[in-house]
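Please read the structure below before turning to the comments.
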Amino acid sequence: MRRADLAGTFVFAFQGALAAIAGHLDLFGDLVLAFATALGGGVIRDVLMGDLPPSALRDWAYPTTAFVAGALVFALEGHAAVPRHLLLTLDAAGLSLFAVAGTQKALEARIHPLSAVLLGTITAVGGGTIRDVLLTQVPAILRVDVYATAALLGALVLVVARRAGAPPAVAALCGGVACFALRMAAIANHWQLPGSSA
Amino acid sequence: MRRADLAGTFVFAFQGALAAIAGHLDLFGDLVLAFATALGGGVIRDVLMGDLPPSALRDWAYPTTAFVAGALVFALEGHAAVPRHLLLTLDAAGLSLFAVAGTQKALEARIHPLSAVLLGTITAVGGGTIRDVLLTQVPAILRVDVYATAALLGALVLVVARRAGAPPAVAALCGGVACFALRMAAIANHWQLPGSSA
Amino acid sequence: MRRADLAGTFVFAFQGALAAIAGHLDLFGDLVLAFATALGGGVIRDVLMGDLPPSALRDWAYPTTAFVAGALVFALEGHAAVPRHLLLTLDAAGLSLFAVAGTQKALEARIHPLSAVLLGTITAVGGGTIRDVLLTQVPAILRVDVYATAALLGALVLVVARRAGAPPAVAALCGGVACFALRMAAIANHWQLPGSSA
């Protein structure tokens, strides 16, 4: 589980650093956005759960992973490009991992199942929201297609599966697959939620 | 008291959803803004008080109310309009309720009375501030006329009344009436604080 | 120590209020920005450490200092000007004080030394970040020269000195001097981090 979490951290930090480069930030801004994008969702979840200090400040593997990804993007800028489709796929995987991990952590703390769904979704999309606010952009999750909705679905599937008696690992797998499948289908088909002007 | 809180939640969620529609957000963004506007102030208060998880995640009547208001606005968009004056009046009522409820909660936790005034004001205006930040607008409370000041007055009146020996219910009523009266008078007379360029 | 903290609070509040004036905010916005700029970093640190309510809400000398500075700026606007170089020097001093105070508080709570470095940096630059977000500007720390980096260096020097066996007061002095010296040298020489477009 921890290895999967670190992989998700790396992917999200990578994306945060790319956004920093696109926003013409310096090296420090690059590292801050890598950190905030990768770990901001989990930090908000831990603050709301009262599990303080947040795990991102207790286990240094997480910040280290985020900073390495941020430094890598900064060093490679202009020398290499990541194919857009690979990036979207990795991001969908990170989204699924974080939605599932956040929901599970909330359930284990005996938080109300519906609140666990919210906390799982926040874990998955909170970091990207902080990144966008720092770059003074309306958060992508409020504007762009089926993204947070996929995280919400994954969290919901996990909770329903647990309630139906599925073992935790099976429920997590179901939730992760649901989130990943919806997100990839939305990308492939350019799905939008009703009302979007994007 | 709880019924009044839920009414305030509904009004604030309604306004958040209207702002989402005006900002061309999709259904998910509409629900997020309804939730954040209605419950963001109370969540910040509970985080600062260390009362975690925040009450908005423990009592599901609150999120449910916010989501219903958000969905209603989304469904009715273009089919019905709420008179502007009614909306301002309801919002002033919500402001008063939240300022009073937040101050009382802080006092009951034996927090310093002046900090209780700040926490009451944050409860009343925190949600709208989050809404504006997410829409990348300078928060209305920092720009627009006598709004946060009314919440501050209500919180202050409550604290002074309690110190003067008034029973909690009477002090709450005094605070709520003071906030509501100042806000409505400011709307009617277009009062501005000194220095405002709005 | 407390006297130094209050001096730092005053300087940062002063700067927040100047930003409010420049942004055409009213008196209430001026006071909010003074408070948020001066005390926001410490509040974030205390929330992340789980030390709640935050010290800014427990010891009223802090908010009072921030509000007095904010009111002073508002009253004097157009009547007096602070020389830019003096302001930058005072700000560098405030940055050093907050970085050192934040790091020390985290170390005393037995938080991981590297997390203490992060928390010290957040204490120093968190308030300015909130100020910029409220004014819908990309935070200066993400764009502008060697500022957060100086806070980070000061926090790091303090932690390394403590690990090397230096008494707390000596370690704090070393950290503060390192931060102040780097910041002043950066101002004098217009140093930028690589990648900055500012």
Go through the atoms of C:L118 and report whether side chain, backbone, both or neither lie under 4.5 Å from a heavy atom of chain A.
-> side chain

Side chain, backbone, both or neither: which part of A:I21 has a heavy atom under 4.5 Å from chain C?
-> neither

Hey, are the side chains of A:L135 and A:L25 touching, using non-hydrogen atoms and a 4.5 Å cut-off?
-> yes

C:M184 and side-chain contact (heavy atoms from CB on, under 4.5 Å): which partner among C:N189, C:T89, C:L88?
-> C:T89

Return the option, out of A:A56, A:G50, A:A20, A:P54, with the maximum number of heavy-atom pairs under 4.5 Å with chain C.
-> A:P54

Interface moiety of C:V133 toward chain A, non-hydrogen atoms closer than 4.5 Å = side chain

Less than 4.5 Å apart, any side-chain heavy atom of C:E77 and any of C:D30?
-> no

Going by heavy atoms in the side chains, are C:D132 and C:L142 under 4.5 Å from each other?
-> no

